[in-house]
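Notes follow once the structure below has been shown.
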Amino acid sequence: MDYEKIEKKWQEIWEKEKAFEAVDFDKKPKYFGLVEFPYPSGVGIHIGHVKAYSSMEVLCRMKRLQGYNVMFPIGWDAFGLPTENYAIKHNVAPRIATDENIKNIKKQLKAVGFSFDWSREIDTTDEKYFKWTQWIFSKLYEKGLVYKSKAFVNYCPSCDVILSNEESQGGVCDRCSSQVVQKEKEVWFLKIREYADRLLSGLDHLDFPDRVKEGQRHWIGKSTGAEVDFDLKVDGCVCDKLKIYTTRCDTLFGVTFMVVAPEHPMLEKYRNKISNWDEIVAYGEEAKKKTEFDRVQMNKDKTGVKIEGVVAVNPLNKKEVPIFVADYVMMGYGTGAIMAVPAHDNRDFEFAKKFGCDIKPVIAGGDVDKEAYTDIAAGVMINSDFLNGKTVKEAQKLMIEYLTKNGIGNAKTNFQMKDWAFNRQRYWGEPFPIVYCDKCGTVLVPEKDLPVTLPHMDKFKPSKNGESPLAEVEEWVNCTCPKCGGKAKRETDTMPQWAGSSWYFLRYMDPHNDSCLADRSKMEYWGPIDVYNGGMEHVTRHLIYSRFWNMFLYDIGVVPFEEPYKKRTTIGLVLGEDGNKMSKSLGNVVDPMDIIKKFGADVLRLYILFMSDYECPAPWSNTNISGCKRFLDRVERMADLVDNFDGVHEEHISKFNNAISKVTADIESFKFNTAISCLMSLANDIYADGYLSKKEYRLFLQLLYPFAPHSAEELNERVGFAEHLSKSCWPNLMEDNSVKMVKIAVQVNGKLRTVLTVQENAGKDDVLKLVEGDEKTSASLKIAKKIVFVPNKIVNLVV
RNA sequence: GCCAAAGUGGCGGAAUGGUAGACGCAUCAGACUCAAAAUCUGACGAGGGCAACUUCAUGAGGGUUCGAGUCCCUCCUUUGGUACCA
C-alpha cells in the first residue's frame, strides 16, 4: 500500500466532508474528549504528543461511530519563554515566530491524521482569546482574590534578570551559568489557598487515577492542629505573646525550647532587647543567601542562634524556655514560630542534641536519649499533669478544649499549598489589566478597554534591574487613568504561562464568542469534560490551577459546573531506545515525522499504542515497530481470502463477537495494547481458516478503523463498500446460536494434570465423569477429600 | 526521609485469586526462490527424559488459600513525585 498517497487522500476526504466537526446543541449525546494543547515550539511535535493524542483519538473515533456528538478540539498554548528566547536570539518578533511554529506543527498533526475539530482551534496569544484571560483576572481582582506582596524570586546578578524556576535549575543561571541569588520583588498573588479545602474535597467525587489524587492531596497538604500563645518575657516581665502552630498539642508539657524563622517580626520588634543582635542579623543574612538549590540539596545539619535577652513562657506550667532563630522554621508556613518538643519530633531532637537543650519525654514507650519517639498510635501520656494516663488522641482533644477554654489557643487547620505567584518579568505573556495612577492608586482597566494588547518591540534583549522588557516601551507604559483621566503607568509584568491554559477548555465550547468567554448555554451542553488525558507533570500545577479557575468562575455564575473534568487519564512516557528519557544530549530522540516517512502514520499510531500499557513508561523500539507494519500488510492481503458468502460464517460469529466486545471495552478503559493484540489474534485465526466473508472483512476494518483509519478506509473502499467507515456504525454483537465449548483445567492439589474440553456451563457431575474417565486423574478422584469445581474454569482434586 | 507506582523469557509486554508467558520483536528450522528480500509453516522460560512425560520457575523470604504473578507481612531494587510543613 502506498501509505503516503492514501493517507493524504483520506485526510483530504475527511476535511472536505467536515467529518469531525462537533455540532452545538445536537440531539445526539455529547462527548467531550480533551487533550493537553501543545506549546508550538520550533522543534515541531515530539513522539510524546503522538502518544498523548493517539489515545483520545482512538476513543473519539469510536465514540463517533457509536453515535455520539463528539468534540475533540485542539489549540495552542503559545505564550512562553522558549519563543521569547528565540526572538531575542534571532531578532524575530515572537508573534511571527509563534505563527510560523503553529503552521508547522499544525501540518505535522494533520499528517498523523488526528481527527481534531479544526474549526474550534484556539491560540492563547490571540488578542481575542487573552482578552478573556485578562477578564478573568479582573474578576478575581474584584472579588478580592488578588493581592500584591513582597516575595523572593530567582535573580541572576550577572545577566541582571529575574529567572523562572525552570531557568534556574540547580541554582545556576540558564544563560550564563553563574550562581543565582534570591531577590525580593513585588509579586502578584492569587488566593488559591482560599479554595484549598474545596480543591481537596472535590477530589473525592472525581474519576481520577489514585496517583493523581494523591499527588494533589499531597500538594494541598492539609494538616490539622492548634495555634498556641506562649508568653514572651523581656527584661523580666511578660509583655507580649508568641503565637505558634503545632499538630502535636498533646506534647505541650514536653516543650524545652522555641524556634522562630529568621524573618520573624518579633526579632525586629525586640532588637533593642536582644543582646546578641549582631549575631542574629548575621545568621539571617546567611539564611537569605540560601537559594532554592541549597534547600533541595539540604544537608540536614541544623543551624541556629540562641536569642539572648528574650525568653518564652509555657502557658501551661509557666516554665521559661529559651528561643532560637533557625532556618528550619519557615516564615511561610503556620505562624513562622514553633514550640520544640525534642523528645517527640525528629527535627527538634536533632537540634536539641546539637545545641544541648533539654529533652523531656511526655509519652511513655520510647528511649529519648537515643532518638525521638514519634509513634502516635501507641504510648500513653506521662509528665503531663491532667493528661497523664491518656492516649495521644485523647490528650489532643482534651488539650484543645483546655486551650480554648483558657484563651491560650485554638484549633487550626493549615495548608502547605502556597498562594499562586502570578507575574513574570517577561514580554511574551498576557499583560495585566492594571494601571498605576498617582491619584487613584492601583486601577483595573475596565472591561470595555480589554484586551490590553502587547506593544510592538524591535529588540527583545533582556532588560535590566530585573524589570520586564515592557518597562522600556515608554509610549506603552504611559497611559491615562481610566478612573480620573490623569497620567498613569501600566503594570509591565505579564502573566505566567499557566494563565491561558487555566480555562482553555471552556473556550473550545464557544471559540469565536466576542461578548463573553463562552456562551452559558453552550457550556451547559458541552460541559463538563468527559475525559481529559495528559501527563503526570501537570498534576500539581495545571490540573490544580484550572480546577481553581473553573471553581471561581462557577462561584460567580459564569460557568455552570463546579469541576471541569469528570475523568482524568494519564500517559506513560515514551523513552528512548536505550531506556533513558529522550533528550538531545543523549541522541536518543525519535522524530515522529521520520517514522511517518518510513512506515506511514497508521503504523506509527498502532505501534505507539501497542508498545506497552498506556499508563506505563516504555522504551521505543525501531525493530519492534515492524510487527505493526507486518500486521497492516497482513490485513491488506486478507482481502485475497474474501469469499462469496453473503453474511457472517456461523463458525466465525463467536470469534468476531469476542473481538467486538474486547476491543470496545479495551478502548474505553485505555487498554489499547490488548485491543490491538486481540485484532492481531483475530487476523491470525482468519489466516488459519483461510477464508472470510466480505461482511466479516468490513467488521474487521471497522474495529481497526480507530487505530489505523487511513488503511481501514482505503481497504473498505477497495473491497467495494461505498459507505465510508467514518460514517458507519460501531459493530454490535451478533446473535450466536452455536454450542460453545470451553476448556477446563483439572488440577490435583492445585497442580495442573490435564485439560478437558466440555460444553459451556457443563455441570459438576458431567465434568467429574470425564475426570473419572481420564487415566491421569481418575486415581486422584477416588481418594479426593474435597473437590473444588468452578464452572467453565477448573476442577481441583484435594487429596 | 515521606508518598506513589513497578519488578514476569533474549527483548517490549499479556494474565476479574483459577491452564503463567496472550500478542509482538529477535532467534532457529522448513517451504517458495537460480539467489536474496518479502511471504507462508513450525519451534522457541530453564533442567531431566528416546518418548509419553516430569520437576523448577513471575525481585528475596515468610503467610493466607483447595489454588497466589495477583491478597497480607518483612526486606531488596528501580522509577516518578515531594521535601527541614512544625
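A note on names: the letters A, B, ... follow the listed sequences, proteins ahead of strands, and every chain is numbered from 1. Since this is a predicted model, take the numbers as computed values, not measurements.
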More 5' along RNA chain B: A/Gln416 or A/Gln747, using each one's nearest nucleotide? A/Gln747
Is it the case that A/Gln396 and A/Asp250 place a side-chain donor and acceptor less than 3.5 Å from each other? yes
May I have the distance from A/Lys662 (atom NZ) to B/C23 (atom C1'), rounded to whole angstrom? 11 Å
Mind checking A/Lys743 for me? I need base, sugar-phosphate or nothing, with any heavy atom below 4.0 Å counting as a touch. base
Syn versus anti for B/G45, judged by chi lying within 90° of 0? anti
A/Arg193 to A/Phe415, cation-pi by 6.0 Å centre distance and 45° axis angle: no
Any residue in residues 792-799 of chain A with a heavy atom nearer than 4.0 angstrom to RNA chain B? Just list them by number, or reply none. A/Lys793, A/Ile794, A/Asn796, A/Val798
Give one of base, sugar-phosphate or nothing for A/Arg217, where a contact means two heavy atoms less than 4.0 Å apart. nothing
At 4.0 Å (heavy atoms only), tell me whether A/Asp348 reaches a base, stays on the sugar-phosphate, or touches nothing. nothing
Indicate, with a heavy-atom threshold strictly under 4.0 Å, whether A/Asn673 touches base, sugar-phosphate, or nothing. sugar-phosphate
Determine which bases of RNA chain B form Watson-Crick or G-U wobble pairs with both distances under 3.5 Å, and write the result as a 5' to 3' dot-bracket string with | for other-strand partners. (((((((..(((.....[....))).(((((.......))))).((((....))))..(((((..]....))))))))))))....
Students often get this wrong, so: under 4.0 angstrom with heavy atoms, is A/Met680 touching a base, only sugar-phosphate, or nothing? sugar-phosphate
What pairs of residues pass the side-chain hydrogen bond (donor to acceptor under 3.5 Å, both in side chains) test when at least one of them lies in residues 741-763 of chain A, not counting sequence neighbours? A/Asn761-A/Asn792
Among B/G13, B/A86, B/G24, the one nearest A/Asn624 by side-chain distance: B/G24
Quick one: do A/Arg568 and A/Glu36 make a salt bridge, cutoff under 4.0 Å? yes
Are more than 12 heavy atoms from other residues, nucleotides or ligands located less than 6.0 Å from atom NZ of A/Lys360? yes
Given RNA chain B, 5'-ward residue of the pair A/Asp210 and A/Asp613, judged by closest heavy atom: A/Asp210
What nucleotide, of B/G81, B/C25, B/A83, holds the atom closest to the side chain of A/Trp219? B/A83
Pairing of A/Asp204 and A/Arg217 as salt bridge, 4.0 angstrom limit: yes
Any donor-acceptor pair, under 3.5 Å, between the side chain of A/Lys302 and the base of B/C84, if you only look at N and O atoms? yes
With a 4.0 Å cut-off on heavy atoms, is A/Ser612 in touch with a base, just the backbone sugar-phosphate, or nothing at all? sugar-phosphate
Around atom NZ of A/Lys655, are there more than 12 heavy atoms of other residues, nucleotides or ligands at under 6.0 Å? yes
May I ask you to test the A/Asn673-A/Leu609 pair for a side-chain heavy-atom distance under 4.5 Å? no
May I ask you to decide whether A/Asp197 forms a salt bridge with A/Lys222, counting only side-chain N to carboxylate O separations under 4.0 Å? yes
Among B/A14, B/C25, B/C40, the nucleotide that comes nearest once only the side chain of A/Ser626 is considered: B/C25
Which listed nucleotide (B/G18, B/C23, B/A4) is nearest to the side chain of A/Val790? B/G18
